[in-house]
Amino acid sequence: MSKHEVLSNLELLKMSLSEPKKKNDHCFDCLKTNGIEWASVSYGIVLCIDCALLHKSELSPNISRIKSLTMPYWSYEEAMLMAIGGNNN
């Protein structure tokens with residue numbers, strides 16, 4: 001993946017997460033508003049660390065693939081899943 005592709009994927013991710021209609025300002029599972037630094041790429045939702053750990057321990061990656069929102073490498077497909085998803089969908 002080139003540096004340009006990484007930047008455009010991150011830009012797509014940031015744009016989709018900041019859309020107010022997506023309701024990505026809180027954890028999808030517990031509704032906490034602080035510490036939202038994780039995502040279930042499978043569902044296009046954002047999670048707090050506690051709920052992300054539950055997803056990782058209770059669900060297989062085939063059901064809920066957890067990824068850090070601060071991680072610099074997001075593929076185009078992962079960024080698109082987040083753009084299509086959102087806590088409000």
Side-chain angles (χ1 to χ4, degrees):
M1 185 179 305
S2 74
K3 185 177 181 179
H4 177 23
E5 289 173 319
V6 168
L7 288 177
S8 57
N9 294 346
L10 286 175
E11 289 167 5
L12 174 62
L13 177 66
K14 287 178 185 176
M15 275 189 349
S16 67
L17 291 175
S18 64
E19 276 188 51
K21 67 180 179 181
K22 298 267 186 194
K23 305 279 187 203
N24 288 328
D25 59 345
H26 62 274
C27 175
F28 181 82
D29 286 351
C30 73
L31 306 179
K32 282 184 194 171
T33 56
N34 59 339
I36 309 306
E37 296 181 2
W38 297 88
S40 170
V41 178
S42 310
Y43 294 104
I45 58 173
V46 295
L47 301 165
C48 68
I49 183 68
D50 295 328
C51 293
L53 289 173
L54 278 173
H55 276 244
K56 283 187 91 143
S57 66
E58 301 292 325
L59 304 170
S60 73
N62 296 342
I63 296 172
S64 184
R65 183 162 182 243
I66 301 301
K67 191 163 188 170
S68 170
L69 293 172
T70 60
M71 188 173 183
Y73 296 105
W74 281 72
S75 70
Y76 177 76
E77 291 78 17
E78 292 169 334
M80 280 304 296
L81 286 169
M82 294 302 293
I84 292 167
N87 286 1
N88 201 33
N89 289 340

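It should be emphasised that the depicted structure is a prediction, and the values quoted were computed from it without experimental measurement.
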Checklist outcome for this item: salt bridge (charged side-chain N to carboxylate O under 4.0 Å, His left out) filter on Asp25, not counting sequence neighbours, yields none

Less than 4.5 Å apart, side chain to side chain, heavy atoms only: is that true for [X] and [Y]?
| X | Y | answer |
| --- | --- | --- |
| Leu12 | Tyr76 | yes |
| Arg65 | Glu78 | yes |
| Asn24 | Glu19 | no |
| Ser42 | Ile63 | no |

Shortest non-hydrogen contact between [X] and [Y], atoms and distance:
| X | Y | answer |
| --- | --- | --- |
| Ile36 | His26 | CD1-C, 3.9 Å |
| Asp29 | Cys51 | CB-SG, 3.6 Å |
| Ser16 | Leu13 | OG-O, 2.9 Å |

Give, for atom [atom1] of [X] and atom [atom2] of [Y], the distance between the pair rounded to the nearest 0.5 Å.
| X | Y | atom1 | atom2 | result |
| --- | --- | --- | --- | --- |
| Ile49 | Lys56 | CD1 | NZ | 8.5 Å |
| Glu77 | Asn9 | CD | CG | 8.0 Å |
| Tyr43 | Leu59 | OH | CG | 7.0 Å |
| Cys48 | Glu37 | SG | CD | 10.5 Å |

Next on the checklist: Whether Lys67 engages the ring of Trp74 as a cation-pi pair (distance to the six-membered ring centre under 6.0 angstrom, angle to the ring normal within 45°) should be assessed.
Outcome noted: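 Yes, a cation-pi geometry holds between Lys67 and Trp74.
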
Taking [Y] as the starting point, is it possible to reach [X] by hopping between hydrophobic residues whose side chains are less than 4.5 Å apart?
| X | Y | value |
| --- | --- | --- |
| Trp38 | Met82 | no |
| Val46 | Leu10 | yes |
| Ile45 | Leu69 | no |
| Met71 | Val41 | yes |

Next on the checklist: Under a 3.5 Å distance rule, please check whether Asn87 uses its side chain to pair with a backbone N or O of Lys23 as donor and acceptor.
Outcome noted: yes

Item to check | Full working for side chain to side chain contact (heavy atoms under 4.5 Å, CB included) between Asp50 and Cys30 | outcome: CA-CA 9 Å; Asp50 295 328; Cys30 73; over 6 Å; no

